[in-house]
*Asks:* 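I am attaching a structure below and will ask some questions about it afterwards.
Letters A, B, ... mirror the listed sequences (proteins, then strands); counts begin at 1. The basis for the numbers below is simple: all heavy atoms, side chains too, and nothing from hydrogens, waters or symmetry mates. All values reported here derive from a predicted model rather than from experimental measurement.
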Number of protein chains: 2
Amino acid sequence: MTDKPTVPSAGLRRDMEILEVLAGHGDGRDADGFGVSWIAQRLGREKSQVSRALRALELEGMVERDPITRRYRLGWRLFALAARTQHARLVQVAAPYLRGLATAFDEDAYLCVLRGNLVLTLMSVPSSRVYHRVWEGVSVPLLMAAAGRSLVADWDDQRIRELLRVTTLPSGLDSAVSGTEEWLADLAHVRSCGYAVTEVELEDSKAGVSAPVRDHRGLITAAISMSVTRAHTAARLHEIGAAVGEAARQLSISLGLVPDGRPIMSPTEGSL
Amino acid sequence: MTDKPTVPSAGLRRDMEILEVLAGHGDGRDADGFGVSWIAQRLGREKSQVSRALRALELEGMVERDPITRRYRLGWRLFALAARTQHARLVQVAAPYLRGLATAFDEDAYLCVLRGNLVLTLMSVPSSRVYHRVWEGVSVPLLMAAAGRSLVADWDDQRIRELLRVTTLPSGLDSAVSGTEEWLADLAHVRSCGYAVTEVELEDSKAGVSAPVRDHRGLITAAISMSVTRAHTAARLHEIGAAVGEAARQLSISLGLVPDGRPIMSPTEGSL
DNA sequence: AAAACTAGGTGCGACTAGCGCAACAGTAGT
DNA sequence: ACTACTGTTGCGCTAGTCGCACCTAGTTTT
């Protein structure tokens, strides 16, 4: 099948699958870890293999085991490594801005980055409302997230068209995706006004606003976004949008962007 | 030699060593990653081996490569895995600490997080006393809870002022809220001593102590708090406060916080 | 109580993944 | 051009590890 050149991927792939299972789905309250057999069955692998792999991972601190329930969960080492990621650094800088937005408007605020054609949420600051879905660490299709428009704002038209052509969405979500030309117009709006507004966000009854965050080279490396209850008027949406745009601009400056000039380099590279 | 039981640790160990080097940099600001040869030499391994391993790790998203400098850094996947598990892990790991505090002082112990401008209690461990009000899942205004001070301890003064200005309290509870300047002084105390003390808690006849819990990114994600019967002397309040602070610190480390800003590994460290 | 069931761990042979060498390919400095 | 790097790759041989089967230990059933 996967006709690979000789890269040692077999063991690693297995370990990653295990870690992915242990991370859970983010939403499910699968709180207190998973047992060997369950994981093995879920992955369609031998119990023995999973058992041994988990022990090895435990030795390295990537997972830890509850001594009484014998269930595994992700370990301190993984978190320590994650903390040294550039994403972690970004989150630390961005945190105050997100908090400011969340408290100012009492709506959920997010920090997202682009990964392939998916939008990965790095951080979410919840509002005070009761129902709060955790999106941190979860990737969603680019077209579904409000942050998407901001993250690709610098792409040239051709690449956008390609993206829209290629992407397939879960059925029934087409309503969230407007036509190609509308998208291009939206991106122009982002570039000029500094923020994007989308009528439909991840959940129904939510609209979204977002704004691009640029690094010191002027490349878009992240986006701040907020999902706003639809009850709000369009005017308020734009009020929030302006605030989000301003926050993103401030954050960009914190990341080393020189404020005034437009040192925007050719967006051939989007990889963070 | 090392008499190993048959666990698949060879490849994993190598991968972990690589990740550790990439995270590494105990001291220097080596910002933009490391090259293959440098890593290989550092680990005393074959270049080819490191090259292939890194490519495999990159496929899994554990590391990222700067396309122009060809240097590797830790990847998004690590962050995503950690981020998704945070909340589940928080409750799981915090439980023993809360129980320890509750039994040590025979007072109720709580784990709280910030949601919008409200403090949400995720878990409560009752003391042995008869009357125990259940706060789990209940949100209270930030200003009313002892945990509030800890949860916003990292906010800058401006945002605190904004918060105090915006927040409106149920009437008759102003006694719990001291002046703005007093609040700022309190937060300074939290930052320096590691715990907060409030004279009035949710219920009358209760005082509160709390301490911030930081996740692997160093951000305050939760707070441990205890409500203490007012009968106790101020001295005891601070005794408990110190214990709560220490528990919060331990919990933070369990969550992957790298203690202090201290480089734990020097470049000459010998875990090779 | 024994039996039945489950959940995790282990011994060992067979087999293949991937290590190490060495040659190769880019890039930069002289 | 040559030299000195960097990172990649082809390939034979070896050791790491996969999978089966068999255990042990805990829990429920009869």
*Asks:* Can you check the B:E17 CD to C:dC19 P distance for me, whole Å?
*Replies:* 12 Å
*Asks:* Can you sort out which residues in residues 62-69 of chain A have a heavy atom within less than 4.0 Å of DNA chain C? Ascending by number, please.
*Replies:* A:R65
*Asks:* Here's a test for you: under side chain to side chain contact (heavy atoms under 4.5 Å, CB included), which of B:L90, B:T221, B:I220 qualifies with B:D215?
*Replies:* B:T221
*Asks:* Quickly work out the B:L57 CG to C:dG18 P distance and round it to whole Å.
*Replies:* 12 Å
*Asks:* Under 4.0 Å from OP1 or OP2 of D:dG19: is there any side-chain N or O of A:R45 that close?
*Replies:* no
*Asks:* Is any side-chain heavy atom of B:R73 closer than 4.5 Å to one of B:V63?
*Replies:* no
*Asks:* Starting from P on D:dC18, measure out to CZ on A:R13 and report it in whole angstrom.
*Replies:* 14 Å
*Asks:* In whole angstroms, how far is the P atom of D:dG7 from the OH atom of B:Y72?
*Replies:* 9 Å
*Asks:* If we count only N and O atoms by modelled type, under 3.5 Å, do the side chains of A:E162 and A:Q158 hold a donor and an acceptor together?
*Replies:* no
*Asks:* Testing the basics here: between B:I18 and B:A53, what is the closest heavy-atom pair and its distance to 0.1 Å?
*Replies:* CD1-CB, 3.7 Å
*Asks:* Please determine if a side-chain N or O atom of B:S51 lies less than 4.0 Å away from the OP1 or OP2 oxygen of D:dG7.
*Replies:* no
*Asks:* Rounded to whole Å, how long is the line connecting atom CZ of A:F34 with atom P of C:dA7?
*Replies:* 15 Å
*Asks:* B:R55 side chain N/O closer than 4.0 Å to the phosphate oxygens (OP1, OP2) of D:dG7?
*Replies:* no
*Asks:* At 4.0 Å (heavy atoms only), tell me whether A:R70 reaches a base, stays on the sugar-phosphate, or touches nothing.
*Replies:* sugar-phosphate
*Asks:* Rounded off to whole Å, could you give me the CD-to-C1' distance for the A:Q49 and C:dT16 pair?
*Replies:* 13 Å
*Asks:* Does a donor on one side chain and an acceptor on the other come within less than 3.5 Å for A:R115 and A:S139?
*Replies:* yes
*Asks:* Nearest-Å distance, CD1 (B:I39) to P (D:dC5)?
*Replies:* 19 Å
*Asks:* Answer with yes or no whether the side chains of A:S150 and A:S210 bring together a donor and an acceptor at under 3.5 Å.
*Replies:* yes
*Asks:* Extract from the structure each pairing of a protein N or O with an N or O of nucleotides 21-24 of chain C at less than 3.5 Å, listing the distance.
*Replies:*
residue: C:dC21; atom: OP2; partner: B:E46; partner atom: OE2; Å: 3.1

*Asks:* Looking at A:V50 and A:I39, what are the two nearest heavy atoms and their distance?
*Replies:* CG1-CG2, 4.0 Å
*Asks:* For B:R84 and A:E136, work out which heavy atoms get closest and say how close.
*Replies:* CG-O, 3.2 Å
*Asks:* Send over the distance from B:L54 CG to D:dT6 P, rounded to a whole Å.
*Replies:* 15 Å
*Asks:* How would you list, by chain and number, every residue that makes a side-chain hydrogen bond (donor to acceptor under 3.5 Å, both in side chains) with B:S254, sequence neighbours excluded?
*Replies:* B:Y97
